[in-house]
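Structure first, then comments.
Everything numeric here is computed off the predicted structure, so don't read it as measured data.
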Amino acid sequence: MLEVKGLCKYFGGLRAVDDCSFRVERGSITALIGPNGAGKTTAFNCISRTMMPTKGEVWLDGERIDRLRPHKITAKGLSRTFQISRNLADMTVLENVICQNKIHGWRDMMKPAMSPAEIDKAMEILDFLNITRIAYEDGSNLSYGQKKLMDLAALLMSDPKIILLDEPAGGVNPTLLEEIVGHIRALNAKGMTVLIVEHNMELIMRLSQHVVVMAQGAVIASGSPEDVQKDKAVLDAYLGGVLEDAA
């Protein structure tokens with residue numbers, strides 16, 4: 001579904017992402033892990049083109065997308081979340097979910113702000129995520145976990161083929177975390193491909209089917225969660241035994 005080839009992002013002399021290559025198989029839940037500063041989020045930014053890569057290639061479904069603008073990539077079927085919610089605080093949850101799906105350009109200015117079809121679709125997604133009760137709440141009134149769910153709802157409005165989730169468990173209480181895990185599994189069961197960056201190793205080990213490990217901007221290991229847990233070099237040099245503790 002997704003192939004990253006020799007991806008690089010340099011900031012002057014700092015090589016945040018350095019010759020990074022990996023694949024995400026169709027229908028899988030793949031985790032991208034590594035220590036702070038490994039380049040995971042920067043790689044996400046380059047894949048989604050919210051940041052222009054220095055060099056390298058990104059291919060989606062056999063089509064090169066690293067030269068496209070972000071809204072074009074979304075239209076091709078790749079959507080992502082961010083570590084920090086980008087909701088508009090003075091708009092309701094329903095309005096936030098719909099407005100973030102406006103990817104067709106200036107023509108949408110001639111249409112109603114929210115069409116009946118868009119409202120119906122958004123409400124179906126909110127129902128799937130069990131948050132229809134907050135549909136008309138202002139974004140400023142939401143808890144951190146509710147904002148994460150709203151971001152996931154907005155992402156699903158574009159009918160993506162693959163979703164990139166940047167730390168969906170960060171700052172979320174355990175009960176809501178289990179809900180988010182259930183939603184990710186349900187989406188995957190429907191055929192959605194998932195690429196996830198997450199520091200919660202216990203979550204990664206039970207949720208993902210394939211793990212890619214980054215350090216210092218490059219991929220240093222990849223394989224099943226079981227294989228990564230047995231990779232002593234990864235544990236000792238980059239994760240300090242965190243995976244071993246989680247296992």
Next on the checklist: Apply side-chain contact (heavy atoms from CB on, under 4.5 Å) to residues Val58 and Glu3 and explain how you reach the verdict.
Outcome noted: CA-CA 6 Å; Val58 180; Glu3 185 169 11; over 6 Å; no
Item to check | Separation of Thr54 OG1 from Tyr10 OH (nearest 0.5 Å) | outcome: 6.5 Å
Checklist entry - Do Met123 and Leu156 share a hydrophobic cluster (ILVMFWY, side-chain heavy atoms under 4.5 Å, transitive)? => result yes
Checklist entry - Heavy-atom count around Arg185 CZ within 6.0 Å, excluding the residue itself: above 12? => result yes
Checklist entry - Heavy-atom count around Arg206 CZ within 6.0 Å, excluding the residue itself: above 12? => result yes
Item to check | Test item: Asn96 side-chain N/O and Met91 main-chain N/O as donor-acceptor pair under 3.5 Å | outcome: yes
Item to check | Closest approach of Leu155 to Arg80 (non-hydrogen atoms, all atoms of both residues) | outcome: CD1-C, 3.5 Å
Next on the checklist: Under the criterion side-chain contact (heavy atoms from CB on, under 4.5 Å), I'd like the reasoning laid out for Leu176 against Leu149: C-alpha separation, chi angles, the key distance, then a yes or no.
Outcome noted: CA-CA 9 Å; Leu176 190 53; Leu149 288 171; 3.6 Å; yes
Item to check | Within 45° cone of Tyr144 ring axis and under 6.0 Å: Lys148 NZ or CZ | outcome: no
Item to check | Minimum-distance pair of heavy atoms, taken over all atoms of Leu7 and Pro53 | outcome: CD1-CB, 3.7 Å
Next on the checklist: With a 4.5 Å cut-off on side-chain heavy-atom distances among I, L, V, M, F, W and Y, is there a chain of contacts connecting Trp59 to Ile162?
Outcome noted: no
Checklist entry - Can you tell me how far the CD1 atom of Ile196 sits from the CD atom of Glu167, to the nearest 0.5 Å? => result 9.5 Å
Checklist entry - Under a 4.0 Å N-O cut-off, is there an ion pair linking Asp66 with Lys5? => result no
Checklist entry - Shortest non-hydrogen contact from Met52 to Lys9? => result O-NZ, 2.8 Å
Checklist entry - Can you check whether Asn200 reaches Leu177 side chain to side chain, under 4.5 Å on heavy atoms? => result yes
Item to check | Lys/Arg N to Asp/Glu carboxylate O, Glu226 vs Lys230, below 4.0 Å | outcome: no
Checklist entry - Measuring from Thr30:OG1 to Phe22:CZ, what's the distance to the nearest 0.5 Å? => result 8.5 Å
Checklist entry - Under 4.5 Å between any side-chain heavy atoms of Leu2 and Thr193, yes or no? => result no
Checklist entry - Do Met205 and Ile220 belong to the same hydrophobic cluster, where Ile, Leu, Val, Met, Phe, Trp and Tyr are linked whenever their side-chain heavy atoms lie under 4.5 Å apart, directly or via other members? => result yes
Next on the checklist: Do Asn130 and His183 make a side-chain contact, defined as non-hydrogen atoms from C-beta onward lying under 4.5 Å apart?
Outcome noted: yes
Checklist entry - Ignoring hydrogens and geometry, is there a side-chain-to-backbone donor-acceptor pair from Ser208 to Ile29 under 3.5 Å? => result no
Item to check | Shortest non-hydrogen contact from Ser48 toward Asn45 | outcome: OG-O, 3.4 Å
Checklist entry - Can you check side-chain contact (heavy atoms from CB on, under 4.5 Å) on Val17 and Cys8, steps first, answer last? => result CA-CA 5 Å; Val17 177; Cys8 299; 5.6 Å; no
Checklist entry - Any link between Met51 and Leu78 through a network of hydrophobic side chains (Ile, Leu, Val, Met, Phe, Trp, Tyr) touching at under 4.5 Å? => result no
Checklist entry - Taking all non-hydrogen atoms of both residues, which atom of Asp18 and which atom of Gln216 are closest, and how far apart? => result CB-O, 4.4 Å
Next on the checklist: Would you say NZ of Lys76 has more than 12 non-hydrogen atoms from neighbouring residues, nucleotides or ligands within 6.0 angstrom?
Outcome noted: no
Checklist outcome for this item: CD of Glu198 to CG of Leu32, rounded to nearest 0.5 Å, is 11.5 Å
Checklist entry - Is the shortest heavy-atom distance from the side chain of Leu165 to the side chain of Val197 under 4.5 Å? => result no
Checklist entry - Does a side chain donor of either Ser158 or Thr74 reach within less than 3.5 Å of an acceptor in the other side chain? => result no
Checklist entry - Are Lys40 and Asp166 ion-paired here, with the side-chain N under 4.0 Å from a carboxylate O? => result no
Next on the checklist: Nearest 0.5 angstrom please: Thr175 OG1 to Ile180 CD1, how far?
Outcome noted: 11.0 Å
Next on the checklist: With clusters defined by side-chain heavy atoms of hydrophobic residues (ILVMFWY) lying less than 4.5 Å apart, directly or transitively, does Tyr136 cluster with Ile125?
Outcome noted: yes
Checklist entry - Is there a donor-acceptor pair closer than 3.5 Å between any side-chain N or O of Lys55 and the backbone N or O of Gly6? => result no
Checklist entry - Going through the checks in order, is the side-chain contact (heavy atoms from CB on, under 4.5 Å) test met by Ile33 and Met214? => result CA-CA 6 Å; Ile33 67 172; Met214 286 185 70; over 6 Å; no
Item to check | Any Arg49 side-chain heavy atom under 4.5 Å of Ile65 side chain | outcome: no
Next on the checklist: If I take atom CG from residue Asn141 and atom CD from residue Gln146, how far apart are they, to the nearest 0.5 angstrom?
Outcome noted: 9.5 Å
Item to check | Any side-chain heavy-atom pair of Ser28 and His210 under 4.5 Å | outcome: no
Checklist entry - Which heavy atom in Val172 sits nearest to a heavy atom in Gly145, and how many Å separate them? => result CG2-CA, 4.2 Å
